Amino acid sequence: AFSGNSTLSLAQLAATGNISLSGLSVPRYAPYFQNQIPFEIKGTTVDFATDYHFAQGDQGPAISLNNMKSAVHSLAIGAKGESEQPIKIGSIGLSGGSFDLAGKQLTISEISSSRGALDLVRAQDGQLNLLKLLAPAKSGQEQPEPEPEPKPEPVEAPAATGGPAWHVAINSIKLND
């Protein structure tokens, strides 16, 4: 379910309001992202809510999120095409988060997790089952070995511009059960 309300100003392009999503089924949207990750996410739902503010200013867009809350329920991760799910988390949540694009700040008051399980198994060949989750997907066809590319000439990187670095803070992490 999706809900939200907004106040929109067209005189100076700006919007303020809140949005929430609840019960979003992650596997339902897997066709859109499954080829980008080397593992499968199974049986997972997501809830998310935040207050937001957007304003288009002379220095670019000012976007801020406050009172961010997010929860992931029944997270199960396994290798593609296998029924084994070595990573299972009953719930993982984020509460009290804020984000400020112009100020380059992300603050999370609390991250909590409960009923997590990690099933680490070493096969007879010495491979750990969790490494299957990181392996790139196999295409099913032998790919010819690419010809080596010529090494490029070293180029001096330009000095970093972009102002101050991002500031990220997590005030509390709680792992239960």
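If you're wondering where the values come from, they're calculated on a predicted model, not measured in any experiment.
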>> Test side-chain hydrogen bond (donor to acceptor under 3.5 Å, both in side chains) on S114 and S91; report intermediate values, then the result.
In response: CA-CA 5 Å; S114 64; S91 69; 2.9 Å; yes
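Under the salt bridge (Lys or Arg N to Asp or Glu O under 4.0 Å) criterion, K69 pairs with no residue, sequence neighbours left out. Judged as a side-chain contact (heavy atoms from CB on, under 4.5 Å), and not counting sequence neighbours, the contacts of S9 are A11, A14. In this structure E110 satisfies the side-chain contact (heavy atoms from CB on, under 4.5 Å) test together with S95, S112, S172, K174, sequence neighbours excluded. Remark: F33 pairs with V26, Y29, A30, I37, I41 by the side-chain contact (heavy atoms from CB on, under 4.5 Å) rule, at least two apart or across chains. For K132, the salt bridge (Lys or Arg N to Asp or Glu O under 4.0 Å) partners are E82, not counting sequence neighbours. Shown here are the side-chain contact (heavy atoms from CB on, under 4.5 Å) partners of Q124, two or more places apart in sequence or in another chain: there are none.
Contacts classified as salt bridge (charged side-chain N to carboxylate O under 4.0 Å, His left out) and involving residues 90-103 (residues at least two apart or in different chains) are not found. For residues 37-54, the set of pairs meeting the salt bridge (charged side-chain N to carboxylate O under 4.0 Å, His left out) definition, not counting sequence neighbours, comprises E40-K42. Annotation: salt bridge (charged side-chain N to carboxylate O under 4.0 Å, His left out) contacts involving residues 112-127, sequence neighbours excluded, are absent. Listed by first and then second residue, the ring-ring contact (aromatic ring centres under 6.0 Å, His included) pairs that reach into residues 80-99 are F99-W166, sequence neighbours excluded. Applying the salt bridge (charged side-chain N to carboxylate O under 4.0 Å, His left out) definition to pairs two or more places apart or across chains, none involves residues 88-99. The stretch residues 13-25 participates, sequence neighbours left out, in these side chain to side chain donor-acceptor pair (under 3.5 Å) pairs: S3-S20, T16-H53.
Counting heavy-atom neighbours within 6.0 Å of F2 CZ, excluding the residue itself, gives a total above 12.
Between A76 and Q85, the closest heavy-atom pair is CB-OE1, 3.4 Å.
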